[in-house]
Amino acid sequence: MRILAIESSCDETAAAVVENGRTVLSSIISSQIDIHTLYGGVVPEIASRKHMEHIDYVVERALSEAGMALEDVDAVAVTYGPGLVGALLVGVAYAKALAYAAKLPLVGVHHIEGHISANYIENKELEPPFLCLVVSGGHTHLVRVADYGVYEILGKTHDDAAGEAFDKVARAIGLGYPGGPKIDQLAKEGNPHAIAFPRGQIADSPYDFSFSGVKSAVLNYLNQSAMQGIEVNPADVAASFQKSVVDVLVEKTMAAEKNTGMKKLALAGGVASNSALRAGMQAACKKEKIELFCPSPVLCTDNAAMIGAAAYYEFQKGVRHGLDLNAVPNLQLGER
Ligand code: KG4
Ligand code: ZN
């Protein structure tokens with residue numbers, strides 16, 4: 001079964017053709033990073049307009065690289081939430097028009113379910129149940145994937161998402177947007193033990209996260225150093241901040257692995273491409289004899305192949321959406 005999938009929830013316009021949920025026949029990603037960099041972050045109105053400009057071309061290329069015409073696909077899938085409402089609407093309206101014109105079934109997909117399903121693409125043997133740490137620009141969730149499309153949220157962030165904290169700290173150090181990959185690079189030259197930034201904990205919620213404290217601690221450190229005329233080493237700040245985020249993510253995830261008795265762990269979302277997080281999880285999983293799955297970086301950040309993978313399993317379960325499908329900016333995982 002071949003699904004044409006579309007993703008436009010934030011700042012990438014993406015389309016892909018995915019066969020049987022696991023094989024990517026094509027995956028096209030048009031990034032808007034250059035334009036949003038000028039403003040230091042994603043400007044929603046610009047994102048919607050750029051999606052409008054690029055979506056035709058991106059979908060056409062996804063079909064042509066897969067060597068297919070629209071009539072050759074079996075279903076159209078699209079991210080309908082969560083995300084920026086104007087950005088989501090472009091993909092949703094486009095997918096509905098395609099499904100109507102070609103008389104194809106339509107499957108709306110949850111963006112985070114897409115991130116989780118990115119793990120199925122390169123790991124053909126991976127099947128639920130497993131634990132998944134979803135760390136992106138908008139979300140930090142510790143999820144027990146009980147079955148395809150069946151999720152139990154064990155914990156989530158009470159404030160900033162992990163990627164959001166990376167982006168804000170990067171901006172404060174003067175690295176620009178998006179900050180995650182830039183902090184990752186700079187941290188390689190710094191000392192992670194140079195500055196003791198706090199590790200966010202939530203009382204009585206062992207699997208919940210908080211990243212606003214560490215973010216504020218970095219901002220305070222930079223401000224105080226500037227007021228006292230002390231020169232800071234940006235690489236040490238990046239490395240110490242990254243360590244405090246990674247330590248918390250590894251510690252809480254491993255506690256959840258132990259307490260749930262899970263022997264499989266998957267990482268998902270843009271921050272899952274962070275080299276320190278991958279190394280930290282690898283070391284912890286090796287020690288605890290847990291099998292670790294982590295998508296290639298291009299499948300961690302936003303793409304449509306992951307939406308095609310998720311859509312396949314939703315389709316198998318009988319999920320179909322009508323032409324009244326709407327964008328749902330705050331769609332909850334597991335909600336339909
Ligand atoms: O999953 P994603 O592409 O979009 C959302 O659904 O949010 O994640 C983007 C986030 C951004 O915050 C970006 O800074 C972060 O992922 N990110 C990273 C890395 N690559 C991307 N954070 C840390 N280290 C990285 N290497
Ligand atoms: Zn995403």
Side-chain angles (χ1 to χ4, degrees), residues 5-14 16 27 29-33 36-37 40-42 44 47 78-84 87-88 91 109-119 132-141 143 156-157 160-173 175-188 190 192 211 214-215 218 238-239 241-250 266-281 294-307 309-310 329-331 333:
I6 296 174
E7 154 65 40
S8 71
S9 66
C10 190
D11 60 348
E12 340 275 348
T13 319
S27 179
I29 304 169
S30 167
S31 173
Q32 305 176 359
I33 281 178
H36 297 294
T37 297
V42 177
V78 65
T79 306
Y80 72 109
L84 302 169
L88 287 164
V109 174
H110 190 290
H111 183 74
I112 297 302
E113 178 166 21
H115 275 301
I116 294 170
S117 305
N119 281 285
C132 186
L133 174 69
V134 186
V135 270
S136 73
H139 304 270
T140 306
H141 280 33
V143 181
K156 55 174 148 182
T157 181
D160 290 354
E164 197 178 347
F166 268 94
D167 292 337
K168 286 175 178 168
V169 165
R171 193 200 290 210
I173 310 179
L175 298 178
Y177 174 85
K182 291 179 176 162
I183 292 209
D184 194 348
Q185 271 312 109
L186 185 60
K188 292 189 201 319
F211 296 109
V214 60
K215 175 200 66 188
V218 174
F241 159 75
Q242 181 172 271
K243 182 166 172 49
S244 74
V245 173
V246 167
D247 281 356
V248 167
L249 291 172
V250 173
L267 304 184
V271 184
S273 56
N274 182 271
S275 57
L277 178 63
R278 289 165 95 103
M281 283 296 187
C294 195
S296 299
V298 70
L299 286 169
C300 286
T301 46
D302 288 350
N303 65 86
M306 67 185 197
I307 303 302
N330 59 355
L331 186 66
L333 193 61

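Order of appearance sets the numbers: ligands from 1, and atoms from 1 within every ligand.
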2.8 Å shell around the Zn ion (ligand 2), exclusive bound, protein N/O/S atoms: 3
Shortest reach to atom 14 (O) of ligand 1 by a heavy atom, considering only Ile112, Asp167, Val169: Asp167
Mode of His111 contact toward ligand 1 - side chain, backbone, both, neither (heavy atoms, under 4.0 Å): side chain
Check: Asn274/Gln242 side-chain N/O donor and acceptor closer than 3.5 Å: yes
Residue, atom name and distance, where the atom is the protein heavy atom closest to atom 10 (C) of ligand 1: Gly137 N, 3.4 Å
For Ser244, side chain to side chain contact (heavy atoms under 4.5 Å, CB included) partners two or more places apart: Phe197, Arg199, Val214
Donor + acceptor pair across side chains of Gln32, Ser30 (<3.5 Å): no
Region of Asn274 that comes within reach of ligand 1 [heavy atoms, distance under 4.0 Å]: both
Using distance only, find each side-chain donor-acceptor pair of residues 180-187 under 3.5 Å and give its atom names and separation, not counting sequence neighbours.
{"unit_1": "Lys182", "atom_1": "NZ", "unit_2": "Leu175", "atom_2": "O", "d": "3.4"}
{"unit_1": "Asp184", "atom_1": "OD1", "unit_2": "Ser275", "atom_2": "OG", "d": "2.5"}
{"unit_1": "Asp184", "atom_1": "OD2", "unit_2": "Ser275", "atom_2": "N", "d": "3.0"}

Phe241 ring center within less than 6.0 Å of Phe166 ring center: yes
Region of Glu12 that comes within reach of ligand 1 [heavy atoms, distance under 4.0 Å]: neither
Contacts of type side chain to side chain contact (heavy atoms under 4.5 Å, CB included), residue Pro297, not counting sequence neighbours: Ser273, Arg278
